Amino acid sequence: MTFPTPDDCRYMAQALELAARGLNTTTPNPRVGCVIVANGQVAGSGWHERAGAPHAEVHALAAAGSAARGATAYVTLEPCSHHGRTPPCADALLAAGVARVVAAMQDPNPLVAGRGLARLAAAGVEVHAGLMEHEARELNIGFVSRMTRGRPWLRLKVAASLDGRTALADGRSQWITGAAARRDGHAWRARACAVLTGIGTVRDDNPQLTVREVPTSRQPLRVVVDSRLETPPQARILAGAREGAPVLIACAQAEPARAGPLRDAGADILVLPNAGGKVELPALMSELGRRGINEIHAEAGVKLNGSLLREQCVDELLIYLAPCLLGDSGLGMFHLPPLADLAARRELSICDLRMVGSDLRIRARCA
């Protein structure tokens, strides 16, 4: 039989839709969906909901029951082959008697990395991989980044006027974009594992940086880049830090007189200095990866935006452009050094372009 068949594509698309239901909840685990098909009918399906809960394959097998024997399992990520918080899914599929497994992509986790598919094939199961791999990889782009690069995928969000101004000269910026764009931005916050900002934004805007405009069962870790620990202990970003809405402050030096009150307010202090007395941003990315952060949603000011770009920490730009003009006196998007030649410009690739309410949303990847 030729692979893939139209049915293979249809059922994998269903599995990807199921995986997306865990978009905001599975961290630090990947988003995974599974569909089990027997005699041309869906016998069971499921998705991974949160870390520590059963994996997608386990939910689907439970729903399929005895119909799983001789069936095909469509799963958006290679079934795991190791004991983590839950037993190996490859073993569960073998025990259920599944005859065929179609995976969208190999698991980038070094603990799996092809071993799950190899175990199934060695036991006589027909195995295929790579069907709709692009879609599966995009769904788990942060998990893939952490497994292969040891650091999260950083998405930098900017709201600006059509002439690229993010605020007036005095820093006022609320609101340049419309309500629909703000809700959309909160949806991107909700899927992230961490929301990152700088001390300038904390000082000027006093934001909460929580998810409020869309439903969520989980608040991302809030991260503040604050070299000199200038965050006021009463800042709104620290609200709830002791009640399950964690905050991490990355600094260059933790002076006890400043660190003590912030710790008392519930903040976790991380000291990561660079040679210039600022926070070593690549080291911060590595540390967040070590802590299981897959995706970072950054909402910062022009200075930190520029630093993140210069230090090659940015993977993707999420830019909302409002149909208005603020003029040359307004603040720009990124503080970057002047270029001596156009050949030195930073290349981007636009991966998505759409209207959100009356604003234009651009997603662009750093080359």
Side-chain angles (χ1 to χ4, degrees), residues 1-22 26 28-137 139-140 143-144 146-148:
M1 180 185 298
T2 302
F3 176 83
T5 67
D7 282 345
D8 288 331
C9 297
R10 177 160 60 93
Y11 293 128
M12 184 60 77
Q14 291 181 24
L16 286 163
E17 289 178 3
L18 289 168
R21 296 188 186 183
T26 63
N29 289 355
R31 299 137 181 163
V32 183
C34 179
V35 173
I36 294 176
V37 177
N39 300 316
Q41 300 292 326
V42 174
S45 61
W47 70 94
H48 183 48
E49 298 176 15
R50 61 185 56 84
H55 288 189
E57 298 94 322
V58 174
H59 283 299
L61 289 170
S66 60
R69 186 160 298 278
T72 295
Y74 297 89
V75 61
T76 59
L77 187 69
E78 174 186 7
C80 61
S81 57
H82 67 292
H83 283 269
R85 296 187 187 183
T86 58
C89 290
D91 290 354
L93 291 167
L94 289 174
V98 169
R100 183 171 178 256
V101 172
V102 180
M105 62 177 288
Q106 182 175 299
D107 193 334
N109 186 342
L111 296 175
V112 185
R115 294 181 181 87
L117 295 174
R119 180 179 298 185
L120 291 166
V125 175
E126 181 184 343
V127 171
H128 298 278
L131 178 61
M132 298 187 178
E133 180 173 358
H134 174 75
E135 293 84 348
R137 187 171 291 272
L139 187 62
N140 282 307
F143 179 76
V144 172
R146 182 166 66 87
M147 290 295 114
T148 59

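The model shown is predicted, which means the values in this text are computed figures rather than measured ones. We use all heavy atoms of the structure for the numbers below, so side chains are in, but hydrogens, waters and symmetry mates are not.
Across all their heavy atoms, P108 and L77 have their closest contact at CD-CD1, 4.2 Å. Between A121 and V127 the shortest heavy-atom distance is N-CG2, 3.9 Å. The minimum heavy-atom distance between N29 and A51, with the atom names listed, is ND2-CA, 3.5 Å. In terms of heavy atoms, C89 sits closest to V58 at SG-CG2, 4.4 Å. Annotation for A67 and A38: closest pair O-CB, 3.5 Å, computed over non-hydrogen atoms. For the pair A56 and G46, the tightest heavy-atom approach, listed with the atom from each and the gap, is CB-O, 3.7 Å.
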Item to check | Residues L93, V125; criterion side chain to side chain contact (heavy atoms under 4.5 Å, CB included); working and verdict | outcome: CA-CA 10 Å; L93 291 167; V125 175; over 6 Å; no

Checklist entry - Would S45 and Q14 satisfy side chain to side chain contact (heavy atoms under 4.5 Å, CB included), going step by step from the backbone distance to the final call? => result CA-CA 9 Å; S45 61; Q14 291 181 24; over 6 Å; no

Item to check | side chain to side chain contact (heavy atoms under 4.5 Å, CB included) between V32 and H55, worked out | outcome: CA-CA 8 Å; V32 183; H55 288 189; over 6 Å; no

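Rounded to the nearest 0.5 Å, atoms OG1 (T72) and CG (D8) are 7.5 Å apart. Rounding to the nearest 0.5 Å gives a distance of 14.0 Å between CG of L18 and OH of Y74. Within the model, atoms CG of L16 and OH of Y11 stand 15.0 Å from one another, a figure rounded to the nearest 0.5 Å. One finds the CE atom of M105 at 11.5 Å from the NE2 atom of H134 (value rounded to the nearest 0.5 Å). Rounding to the nearest 0.5 angstrom, the gap separating the CG atom in L120 from the CG atom in D91 is 8.5 Å.
Within the 4.5 Å cutoff, the side chain of M147 has no heavy atoms near those of the P30 side chain. Under the 4.5 Å side-chain criterion, counting only non-hydrogen atoms from C-beta, M12 is not in contact with E135. The closest side-chain heavy-atom distance from R119 to L94 is below 4.5 Å.
Here the side chain of H59 pairs no donor or acceptor atom with the backbone of L61 at under 3.5 angstrom. At least one donor-acceptor pair under 3.5 Å links the side chain of R115 to the backbone N or O of P110. Without hydrogens or angle criteria, T76 side chain to A15 main chain gives no donor-acceptor distance under 3.5 Å. In terms of modelled atom types and a separation under 3.5 Å, the side chain of E78 and the main chain of D107 share a donor-acceptor contact.
Judged as a ring pair (Phe, Tyr, Trp, His ring centres under 6.0 Å), and not counting sequence neighbours, the contacts of H128 are F3. Looking at residues two or more places apart in sequence or on another chain, you find a salt bridge (Lys or Arg N to Asp or Glu O under 4.0 Å) between R31 and E295. Contacts of R137 classified as side chain to side chain donor-acceptor pair (under 3.5 Å), with partners at least two apart in sequence or in another chain: E133.
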